[in-house]
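Only one structure is covered here, and it is reproduced in the block below.
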Amino acid sequence: MIKPVGMPFDLPDTAENPAAEFDSGVEFRIEDFEIGYEVEAPENRPPEALRGECAAFFASGGPLAGADFGERSFEERPQQLEMAVAIAGALIAGENLCVEAPTGVGKSFAYLVPLIFRSRYSRRPAVVSTETIHLQEQLIEKDLPLLRQLVGIDFKAALAKGRRNYVCRRRLSLLTGEERDALLPAPSLVLDLERVLRWLERGADGGRDSLDCHIAPEVWDLIACEGGNCLGVKCPFFRNCYYFRARRQWEEADIVVANHALFFTDLAMRCGDGSAGTLLPNYGAVLIDEAHTLENNAAEYLGLHLSRSMVTGMLNRLYNPDSARGLLLRSGAGFMDLRAEVAAARDEAFGFFAPYEKLLADRHETALTVDHDPGFPDRLTPHLLRLGKMLSDLSADEEDAAVRGELSAFSGRCRDCVDGIDQFTHRTRPDAAYYIETERSGVSFHVAPLDVADVLRETLFRQDFPVVLCSATLTVRGRFDYYTGRTGFEGGRTLRLDSPFAPDQARVLVPRTMPDPSGAEFLPALAREIPRFVELTGGKAFVLFTSYQALRYCADALRGDFDRHGWRLLAQGGELSRYQMLREFRSDVDSVLFGTDSFWTGVDVPGEALSNVIVTKLPFAVPGHPLIAARIARIEAQGGSAFSEYSLPEAVLKFRQGVGRLIRSRSDRGYIVVLDRRLISKNYGRAFLDSIPYKLELFDNV
């Protein structure tokens, strides 16, 4: 086992002037770090005593029982203890573990405590990867500080974020110098730039999350850290670089909390030839929370995403002929030629993506499989190749190090775009889904691997560190087979914990005579039935939809009725963001929230505010989406049943996620209403009912 033992630089706390000039710098290479490594022998893994330490911590007379939880009192949870001891065993043996921990188990403490005790024995840090920002903040700001007091161990924890979350001092210096007017998309944005400078002068950490003022996204794009133009240790701002200061904290941490996006981006870099380096420290254990999204996250971050807006956005930053702004708005013959080439490439970018946009429009689709070469002309690639070469040549002669770094970075981005176009148009990746999709500002190309199991098996589950997966929903009818088969989990055991909640905490209500969801009568029936069940709790309800069309129909039909009852209707797709909707819902206990996909999972509203979850339709994935269709076709081509092997288990897991929003503590009570009669009329309905612990009640519609 390997551990980084030092870095040849120090990061003092003193700040440099963001506008300071510099005159040196070369393109950053990972080997510039010269990080030393030493072998960590197996005997440095936690000893068998780790099990006893965890058991003692969670015991009725242990440190957790004596903690001050404010208004809440300590609840001894056998499932929490079982989970912690099982994780301790996996860490001791160096084996993998897959845990289903239902809501209420207290899984964050159950995995953090073994990792904290482990830190005394192992020199390599543990990485905790989560899906949601909310959980990351909970771990860093609440759970880990409390546990530091309770365990009596002076461990270090750090939050790892992608480099674009930090201000780049070198790029900021460009905007505070002569390049400012050319680089800012609009003169009015100077005020935003001044707000950023005042924020940094007050001693900010340079992280976007701590920004105490609003700035336009275009300004952040110009000052954010980026990998392609980072000069690393050769940058004059390196000693006070916000991003590398944060990375130094990761290197020194015992527990690093990251999100799935950063973790899988790092994993993709580790899958390569090593030239790209890595983002996260050389970890010795991995804990993936909210692991029910493992397959989809792996498919996204180990695949390709290239859009028209990405290409034109890159070109506009070089030179935008419409606004006469950009990095290349400088004097000199070389820059004049580059501006002409950028303008030509920009025109060709619109022309290149236009046939794909028309194809979607003609088919009346928002996403479409493109599994063969449609024969559309590609005049963009020659322009990008020529532009990349011109940028590279000009950067070699550029005296200004800041501009030289930018030119070199844009040259690399041109090559990346060319590689992406080639991969998509020539289908260079086998066993993958190739499709196009409509985005707000154009069309995007996607290449997603259809079988991430083999990739994860090799890159994640067969390494020299244990991997623990946990989520509230990993099993279908009590079995892990579907989940482990889709994710490639191996090299350890599975553990399914019982729910700490009583079956009588929720009632499952299903009308007998709802129309079939595929019929024309279904939406009007929803609009009739939803108010009836909302009235049971006087608001305080989540209404979960599987499509925006159904949500909008019901929201438009019911808004007036809800107003008359005094129920505030919060409908997804309006002016409020997801975060704002949840905040308003929690503050107004009589409100009703209409949500689609993003509200089925990752939402925590304990107490009276959420007393009713209404599922309008069983959440089967839309088979028309190219990625879903490709997965289904692959199963059928191999002689399997796509419905029983993929569609049904996926729907059951999502159903469990959705209804799991209701009961979050032992004091919660409420209703789960399912307005899809297939739950009782189809044989497969039993798979959904068996997946939740609550009793079914049938009755006739009004």
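Keep in mind the model is a prediction, meaning the values are calculated, not measured.
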**Message:** Is the ring pair Tyr243/Tyr166 parallel, tilted or perpendicular, if the boundaries are 30 and 60 degrees?
**Reply:** tilted
Which atom of [X] lies closest to which atom of [Y], heavy atoms considered:
X      : Y      : answer
Pro217 : Arg208 : CA-NH2, 4.5 Å
Cys470 : Leu287 : SG-CD1, 4.1 Å
Ala299 : Arg631 : CB-NH2, 3.9 Å

Is the shortest distance from a Lys or Arg side-chain nitrogen in [X] or [Y] to a carboxylate oxygen in the other one below 4.0 Å?
X      : Y      : answer
Arg245 : Asp205 : no
Glu100 : Arg656 : yes
Arg486 : Asp451 : no
Glu226 : Arg164 : yes
Arg457 : Asp454 : yes

**Item:** Criterion side chain to side chain contact (heavy atoms under 4.5 Å, CB included) against Pro102, the qualifying member of Leu497, Thr473, Asp498
**Value:** Leu497
**Prompt:** Do you know which of Leu115, Ile153, Leu112, Leu139 makes side chain to side chain contact (heavy atoms under 4.5 Å, CB included) with Leu147?
**Reply:** Leu112
**Prompt:** side chain to side chain donor-acceptor pair (under 3.5 Å) with Glu131: which residues, sequence neighbours excluded?
**Reply:** Thr293, Asn297
**Prompt:** Who are the side chain to side chain donor-acceptor pair (under 3.5 Å) partners of Ser641, not counting sequence neighbours?
**Reply:** Ser644
So [Y] and [X], do their side chains get closer than 4.5 Å, heavy atoms only?
X      : Y      : value
Val370 : Arg427 : yes
Glu645 : Gln638 : no
Ile92  : Pro47  : no
Gln79  : Lys107 : no
His292 : Thr601 : yes
Ser307 : Val443 : no
Asp431 : Arg634 : yes
Arg170 : Phe238 : no

**Item:** Pairing residues for His372 by the side chain to side chain contact (heavy atoms under 4.5 Å, CB included) criterion, not counting sequence neighbours
**Value:** none
**side chain to side chain contact (heavy atoms under 4.5 Å, CB included) partners of Pro623, counting only residues at least two apart** = Ile632
**Message:** I'd like to know whether Val447 forms a side-chain contact (heavy atoms from CB on, under 4.5 Å) with Gln423, so could you lay out the CA-CA distance, the side-chain angles of the two residues, the decisive distance to 0.1 Å, and finally the verdict.
**Reply:** CA-CA 8 Å; Val447 180; Gln423 184 181 153; 3.8 Å; yes
Report yes or no: does [X] contribute a side-chain atom to a donor-acceptor pair with the main-chain N or O of [Y] at less than 3.5 Å?
X      : Y      : result
Tyr283 : Ile255 : no
Ser210 : Gly207 : yes
Trp600 : Phe655 : no
Arg479 : Thr475 : no
Arg413 : Met314 : no

So how far is it from [X] [atom1] to [Y] [atom2], rounded to the nearest 0.5 Å?
X      : Y      : atom1 : atom2 : value
Arg118 : Leu91  : CZ    : CG    : 6.5 Å
Leu262 : Leu267 : CG    : CG    : 11.0 Å
Phe263 : Ile288 : CZ    : CD1   : 4.5 Å
Glu650 : Glu295 : CD    : CD    : 6.0 Å
Ile635 : Ser647 : CD1   : OG    : 7.5 Å

**Prompt:** Are Arg148 and Phe155 in a cation-pi contact, defined as NZ or CZ under 6.0 Å from the six-membered ring centre and within 45° of the axis?
**Reply:** yes
**Prompt:** Taking the six-membered ring of Phe480, is the NZ or CZ of Arg496 close enough (under 6.0 Å from the centre) and on axis enough (within 45°)?
**Reply:** no
**Item:** Contacts of Glu458 that satisfy salt bridge (Lys or Arg N to Asp or Glu O under 4.0 Å) - sequence neighbours left out
**Value:** Arg462
**Asked** Quick one: do the Thr130 and His260 side chains pair a donor with an acceptor below 3.5 Å?
**Response** no
**Asked** If you measure only the distance, is there a donor-acceptor pair under 3.5 Å linking the side chains of His305 and Glu437?
**Response** no
**Message:** Would you say the rings of Phe424 and Phe445 are close, in the sense that their centroids are separated by under 6.0 Å?
**Reply:** yes
**Prompt:** Yes or no on ring-ring contact (aromatic ring centres under 6.0 Å, His included) for Phe461 and Phe489, after CA distance, side-chain angles and deciding distance?
**Reply:** CA-CA 6 Å; Phe461 297 120; Phe489 175 84; 5.4 Å; yes
**Request:** Give the intermediate values and the outcome of side-chain contact (heavy atoms from CB on, under 4.5 Å) for residues Phe465 and Val467.
**Result:** CA-CA 7 Å; Phe465 49 78; Val467 178; 3.7 Å; yes
**Prompt:** Checking side-chain hydrogen bond (donor to acceptor under 3.5 Å, both in side chains) for the pair Thr484/Glu490: CA distance, chi angles, key distance, verdict?
**Reply:** CA-CA 8 Å; Thr484 56; Glu490 64 171 31; over 6 Å; no
**Message:** Does Arg429 form a side-chain contact (heavy atoms from CB on, under 4.5 Å) with Tyr434? I'd like the steps, not just the answer.
**Reply:** CA-CA 9 Å; Arg429 184 165 187 165; Tyr434 291 82; 3.2 Å; yes
**Message:** For Phe643 and Phe620: C-alpha separation, side-chain torsions, deciding distance, then whether ring-ring contact (aromatic ring centres under 6.0 Å, His included) applies.
**Reply:** CA-CA 10 Å; Phe643 181 78; Phe620 287 102; 5.8 Å; yes
**Qualifying ring pair (Phe, Tyr, Trp, His ring centres under 6.0 Å) pairs with a residue from residues 85-105, counting only residues at least two apart or across chains** = none
**Request:** Please step through side-chain contact (heavy atoms from CB on, under 4.5 Å) for the pair Cys225 and Tyr242, ending with a clear verdict.
**Result:** CA-CA 9 Å; Cys225 269; Tyr242 297 118; over 6 Å; no
**Message:** Evaluate Tyr111 against Asp289 for side-chain hydrogen bond (donor to acceptor under 3.5 Å, both in side chains), listing each step before the verdict.
**Reply:** CA-CA 9 Å; Tyr111 62 67; Asp289 199 348; 2.8 Å; yes
